Amino acid sequence: MVGFVTAIGRRMRAEVVTAVLALAVGVVAGLGAVAFRALISLVHNLFFGGRLSLTYDALVHTDPSRWGVGVILVPVVGALAVVLLVKRFAPEAKGHGVPEVIDAIHFKGGRIRPRVAGVKALASSISIGSGGSVGREGPIIQIGATFGSILAQWLKLPEWQRLTLIAAGGGGGIAATFNTPIGGVIFAAEILIVEISARTLIPVLIATGTASVIAGLFFGDQPSFVIPALTIDPPAVSPMSLVGYSLLAILLGLVGWLYTRSIYWAEDLFDRLPVNDYLRHVIGMLVVGVTIYLLMARTGHYWIEGVGYATIQEILQGTLTAAGFMVLLAGLKLLSTSLTLGSGASGGVFSPALFIGATLGAAFATVVDAVAPGMHLNPVNAAVVGMACMVGASTGAAVTAVVMTFEMTRDFQVLIPLIVAVSLAYLVRRSLMSDTIYTLKLSRRGQQLPAALQSSLYLTRRAVDFVHAPFVVKPADATLSDLPLTWGRRNSHIVLAGPDGGVAGVVTAHRIGEARRSQRSPATPLLDLAGTKPTFAPADAQIVDLIGVLRGSGVHLTVLTEDGARAPARAVKGVLTHEDVVEATNMAQTLRRTPVARTDIAGPDD
């Protein structure tokens, strides 16, 4: 009894300590957002106006630079400073920040180097302040997360507490930036947190609420930009308006895919250039500098520089209404963001997504209202829905996009269009690629993340319940020509029966498909496509045990029999592959890696 009470007390102390520390993390995240915005203001005024001042309103267009045509070199000078900081002090500060936080959570045990916060703040403020087309949300998420990690490491806390404080810092950062405390919690839950429970969510709630209060003391009770209350016209959302928003969502789902891909296409392009990091970033930012100069010379504003909130504000106020020009701005923002990040800048992707969504949403509604006024699409409403669609589609944080936009508008009528449109935009992007703008960077490094958070329920299921593809038994001397064509149906696994009736090998459905796509000769023996000595397991074994068998044996499939022993081919209950397990349980692809090399067991190589 004493031991039980002691264990309960220890657990409660840990949760109370985490909650108290989350309060400190929230304070730092809130103050960090304030300091970071001040730093951006200082850099921006210095680079564009040649003066030392902290007065800068991102909702107002920047005045023409005193440097005239020399403003082209402003982003170039900023690029040199950013590369110097990143290369010399913290390579993790390069890019948009959130992937590095996810990397620390999933692959580094929640450990982030202390210097990352300072370098990230300085490098990102220079990138944004000198005209780079990036946002401030990613950096403040990384800054808040870094402090959470530092605090946990300094106190030598267990891993679950480190990861919780990182999520609390990241959620607090985005909550402070947009004055969206609930959105900050949802963002942490969708993107950062690895465990959904009271012991993790309560600290995140505390941190985001605290960060919002701290930021509100300096910025007031307003989000980063003022969104007028939406007026869905007609007041009750009509079926026709939902059709219009659905069409917009499909369009922005495609653009979300393009936006995600374009950043990494640009990164690959710059990496192939035979120049050093300094010149690589200079080239990218020189193009951005020329773009903003030409915009100022021809239209009177820089439009796409920095976070771009002034352009969004004009759309929301109804003063920017030219559909063709808004489409042009969306294209230029997409290009400039890809060049900025692809060439080596430090900054976020959230604000550019809002910019592209607002411009395309308003442009779409303007055109539709002209040709089909019965759809009742208002450009301002469509701009807000477009912002949420782009964020949800590109980041994968669909619920965050809905909740944050609702918090920023505070209009209940926006909920139905947001839910429908964001869901569709997310599904369109998801159908084109599984990675988000955050996870693609990790996937390109070979770091696979679990597709979802879930309980351990699946791990207790029977192995046979996870069998996905059917199997057929063929004699060991069968050839590829002996298999029927599937004509759109999924191939079956092939269990090869030897002369004695036992299992001589297994050819996976994946291997059959590959052989046909590569136009292997129909006379190819199936035994040539199969490994030998497949592993066997009981059909009713728990999947958690089978994962250990697969990893320990070094093979990627197992043959299920009644008792797990070798049996005649006709007694096989099913064939289970690693892919079946990952797909059914949403576990990470890294489970495929074999912890210990084995040479005594040869398995089918699919």
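Every value quoted in this text rests on a predicted model; they were computed, and no experiment measured them. Just so it is clear, the values below take in all heavy atoms, side chains as well, and ignore hydrogens, waters and symmetry mates.
Using modelled atom types and a 3.5 Å distance limit, the side chains of His96 and Gln142 yield no donor-acceptor pair. A side-chain N or O of Ser133 and one of Lys333 form a donor-acceptor pair less than 3.5 Å apart. A side-chain N or O of Ser346 and one of Lys120 form a donor-acceptor pair less than 3.5 Å apart. Side-chain contact, His281 with Ser343: a donor N or O sits under 3.5 Å from an acceptor N or O. The closest side-chain donor-acceptor pair between Glu137 and Ser351 falls under 3.5 angstrom.
For Phe325 and Trp303, the gap between ring centers is short of 6.0 Å. Residues Phe48 and Tyr302 bring their aromatic ring centres within 6.0 Å.
Put simply, the side chain of Pro379 does not reach to within 4.5 Å of the side chain of Ile315, judged on heavy atoms. When side chains are defined from C-beta on, Leu31 counts as touching Phe218, because their heavy atoms get closer than 4.5 Å. You'll find the side chain of Leu440 stays beyond 4.5 Å of the side chain of Thr436, heavy atoms only.
Taking the centre and axis of the six-membered ring of Phe350, the NZ or CZ atom of Arg136 falls outside the cone set by 45° and 6.0 Å. Annotation: cation-pi geometry satisfied between Arg429 and Tyr426 (NZ/CZ under 6.0 angstrom from ring centroid, within 45° of ring axis).
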TODO: Show your reasoning for whether side-chain hydrogen bond (donor to acceptor under 3.5 Å, both in side chains) applies to Glu305 and Thr62.
DONE: CA-CA 9 Å; Glu305 62 94 10; Thr62 300; 2.8 Å; yes
Worksheet entry | Stepwise salt bridge (Lys or Arg N to Asp or Glu O under 4.0 Å) test for Arg445 and Glu100 | CA-CA 12 Å; Arg445 299 175 186 165; Glu100 284 67 31; 3.6 Å; yes
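Looking at Thr208, its side chain does come within 3.5 Å of a backbone N or O of Leu205 through a donor-acceptor pair.
Nearest heavy-atom pair, Gly289 versus Pro75, reported as atom, atom and distance to 0.1 Å: CA-CG, 3.8 Å. Closest non-hydrogen pair, Ala29 versus Ile140, comes out as O-CD1, 4.1 Å.
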